[in-house]
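Notes to accompany the following structure.
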2 protein chains.
Amino acid sequence: MTERELPPLNALRAFEAVARRQSVSAAAAELHVTHGAISRQLRLLEEALGRPLFTRQGRGLQLSAAGTQLHEGTSAAFGQLRDSWAGLRRGSSAPFVLGCSGSLLARWVIPRLDRLARDLPELQLHLSAQEDPLTPALGELDGALLLAAPPWPANWQVTELAPERIGPVLSPRYAGWARLAGQPARALLDEAVLHTASRPQAWRDWASAAGLPGPPAASGQGFPHLYYLLEAALAGLGVAIAPAPLVADDLAAGRLLAPWGFQPTPARWILATPQRGRDPRASALAAWLQRELAADEKSAPLTDSA
Amino acid sequence: MTERELPPLNALRAFEAVARRQSVSAAAAELHVTHGAISRQLRLLEEALGRPLFTRQGRGLQLSAAGTQLHEGTSAAFGQLRDSWAGLRRGSSAPFVLGCSGSLLARWVIPRLDRLARDLPELQLHLSAQEDPLTPALGELDGALLLAAPPWPANWQVTELAPERIGPVLSPRYAGWARLAGQPARALLDEAVLHTASRPQAWRDWASAAGLPGPPAASGQGFPHLYYLLEAALAGLGVAIAPAPLVADDLAAGRLLAPWGFQPTPARWILATPQRGRDPRASALAAWLQRELAADEKSAPLTDSA
DNA sequence: AGCCATACGTCAGGAAAACGCAAACATGAC
DNA sequence: GTCATGTTTGCGTTTTCCTGACGTATGGCT
């Protein structure tokens, strides 16, 4: 039997707060006790360990080597305890807060909300639009729907939903379509394609996956977000590049074309949840998202042989 | 500021023990207190949460849904706290315990120990041979050297050292060498190659990476471990398959040949450490292993174009 | 059915831990 | 030197936690 002992937990919590805030007083305020109490706990922990965790220099303190190591090892654990407890206290009766980038929200999630409400009627969902730099802290979130490539942060619990596939799309009303129709994918290399600031590598990724020598040389108009990019493509302004599910509806309706198919990228559609015990609502949502994405991928044209 | 609260920690520790052991009395024994104390803590925690964590049925208890979720969310965190504390208490003065499979130990680590001692003289290293099913619990270990493909367990902190490359090797004394010399790799498909029980997929992986239609059809002699497999190859008994670094010395000395080069696999050479604060000894060891592996890979012939 | 062994719950009193308060101490700024 | 800031220390008090003994519920055994 593993007879491993835990350190004095309250002292450890005090240490974690002090190490994080770099101050006894600040930690004391956070824990609603006096600084004297904290100081005492620190001493206790250092005695239990047998060597100092901080180097004192009169009025300030700084983590020692041992202290740094302990802080690195414990802060994540405490975070997980906090998350887990908070998630449980909030309870499954509270709405499930799902974070997701604005573009995904507008172009994919919202059009499918009615289906979601029908398939998972008991799920109370609150949506929260995150900034596009897709590294949310997921602090207040119960989950986040993301497009991201591994490796993912260790403090996420990740459910892979589907591989990402991206491809060039354009409106049949686009003036250049007459010129491009019937051409192979490499014809795009000479096209002034549309691109987005939130994902500058998209064309390069697509080109390398498609086996083309490089991304389109001339860069056409740029847009701040994928959402605007797709609106521009729908308006016939040029050739955009987008993940298949985001344009599945437009392809089905004929508003957009994807003559060169879609190419897989290293990224994945994922549902990231905090590392608490598996929330049954998250599991249900993940399963639904997976089904929904699979359907969209199926409806999108398969990868075109370049 | 995130004003998130932690649950009563001592009560949570009691809960974790009870949930793990499925018994109040067993948990009480583990924590060196009476069952009454545990029972009280459980009640306290349930009151703080506002709903029961266990379903009582007279003389036994079982986790409720909420209890299961809390246990999933907290057990890992407590494990990390235990690990972190234990690692720090043991101290950097204690020897670094490195686990690794017997084959790796015998054929790669041990021959390089003298160089390791010269390059990292202050590192006290204890070696521990693990069973070949490469999923050690790394409970008592400070680290483990492994060949494994992602995804890795979430409770490991993984440092990738090098991609794995495997390839067919044989002794120049092997009777079939005359027949094979100069032939392309696909000639091996008709060869009765040697294989190992600890890695039955090796030939298949190699064949698919090399773009061959399938693994060698006829299976020659099998061996329980890679170590014996390589001894057999050295003895001229046939064609074995092995990771490049494990045969680097033999290739350099001419005891083995690798006429068809080595192919990358999804696996990696990794140093897995428990999720405590980064141990400086582990960092130093990882850096050294990385250098050493890079040198071995360089000395091995590059991937042969099949 | 009656009895015993097992396992959890509860309560009172006492031990131990943690706390608040206030004074002491250390350092850097002025 | 004096003040402002921030940590440590000593002591009396409050809070928490534990022990130990007893009560209750269940299942196996005769």
Side-chain angles (χ1 to χ4, degrees), chain A residues 1 5-64 66-68 70-71 74 78 81 85, chain B residues 1 5-64 66-68 70-71 74 78 81 85:
Chain A
M1 180 47 36
E5 296 262 325
L6 275 166
L9 288 176
N10 290 316
L12 198 59
R13 160 170 53 186
F15 164 79
E16 192 273 338
V18 173
R20 180 158 36 83
R21 313 289 285 268
Q22 297 280 355
S23 153
V24 172
S25 307
E30 178 179 319
L31 300 178
H32 310 298
V33 293
T34 60
H35 48 255
I38 298 290
S39 178
R40 189 165 252 284
Q41 297 284 39
L42 285 188
R43 169 171 295 287
L44 199 116
L45 195 64
E46 288 178 323
E47 276 166 16
L49 180 60
R51 73 195 123 131
L53 292 164
F54 294 94
T55 57
R56 274 89 167 172
Q57 26 186 352
R59 77 170 179 172
L61 39 70
Q62 210 159 2
L63 281 167
S64 72
T68 307
L70 185 62
H71 181 52
T74 55
F78 273 108
L81 291 181
W85 183 249
Chain B
M1 183 43 39
E5 296 261 325
L6 275 166
L9 288 177
N10 290 316
L12 198 60
R13 160 170 53 186
F15 164 78
E16 193 273 338
V18 173
R20 181 159 34 83
R21 313 289 287 267
Q22 298 279 5
S23 153
V24 171
S25 309
E30 177 179 319
L31 300 178
H32 309 298
V33 293
T34 58
H35 62 260
I38 299 290
S39 178
R40 181 169 255 287
Q41 298 284 38
L42 285 188
R43 215 154 59 78
L44 199 109
L45 195 64
E46 287 179 323
E47 275 166 17
L49 179 61
R51 72 195 123 128
L53 292 163
F54 294 94
T55 57
R56 275 89 166 169
Q57 26 187 350
R59 80 167 181 174
L61 38 70
Q62 211 160 3
L63 281 167
S64 71
T68 307
L70 186 61
H71 182 53
T74 55
F78 273 108
L81 290 182
W85 183 250

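The chains referred to below are lettered A, B, ... by the order of the sequence lines, with proteins before strands, and numbering in each begins at 1. When reading the values below, keep in mind they use all heavy atoms of this one structure, side chains included, and skip hydrogens, waters and symmetry mates.
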Original post:
How do A:Ser25 and B:Ile38 order along DNA chain D: which one's closest nucleotide is nearer the 5' end?
Top reply: A:Ser25
Original post:
With nearest nucleotides of DNA chain D determined for A:Asn10 and A:Val24 from heavy-atom distances, which residue corresponds to the more 5′ nucleotide?
Top reply: A:Val24
Original post:
Counting side-chain heavy atoms from CB outward, which of D:dC18, D:dT8, C:dC21 is closest to A:Thr34?
Top reply: C:dC21
Original post:
Which part of the nucleic acid does B:Ala37 contact within heavy-atom distance under 4.0 Å: base, sugar-phosphate only, or nothing?
Top reply: base
Value in whole Å for how far the [atom2] atom of [N] lies from [atom1] of [X]:
X       : N      : atom1 : atom2 : value
A:Leu44 : C:dA16 : CG    : P     : 15 Å
B:Phe54 : C:dG9  : CZ    : C1'   : 14 Å
A:Leu42 : D:dT7  : CG    : C1'   : 10 Å
A:Arg40 : C:dA22 : CZ    : C1'   : 14 Å
A:Arg43 : C:dA18 : CZ    : C1'   : 16 Å
B:His32 : C:dA16 : NE2   : P     : 17 Å
B:Gln62 : C:dC8  : CD    : C1'   : 15 Å
B:Leu9  : C:dA17 : CG    : C1'   : 15 Å

Point-to-point distance, once rounded to the nearest 0.5 Å, from [atom1] of [X] to [atom2] of [Y]:
X       : Y       : atom1 : atom2 : result
A:Leu9  : B:Arg13 : CG    : CZ    : 4.0 Å
B:Glu16 : A:Leu6  : CD    : CG    : 8.0 Å
B:Phe15 : B:Phe78 : CZ    : CZ    : 9.5 Å

**OP:** May I ask you to evaluate whether B:Ser23 reaches the phosphate of C:dC8, defined as a side-chain N or O under 4.0 Å from OP1 or OP2?
**Re:** yes
Original post:
So does B:Gln41 get a side-chain nitrogen or oxygen closer than 4.0 Å to the phosphate oxygens (OP1/OP2) of D:dC18?
Top reply: yes
Original post:
So does B:Glu46 pair up with B:Arg56, basic N to acidic O under 4.0 Å?
Top reply: yes
Original post:
Within the modelled atom types, does a donor on one side and an acceptor on the other bring the side chain of B:His35 and the base of C:dG9 under 3.5 Å apart?
Top reply: yes
**OP:** For B:Ser25 and B:His35, indicate whether the former's side chain and the latter's backbone hold a donor-acceptor pair under 3.5 Å.
**Re:** no
Subject >> Whichever of A:Ala11 and A:Gln57 has its nearest DNA chain C nucleotide further upstream toward 5' >> reply: A:Ala11
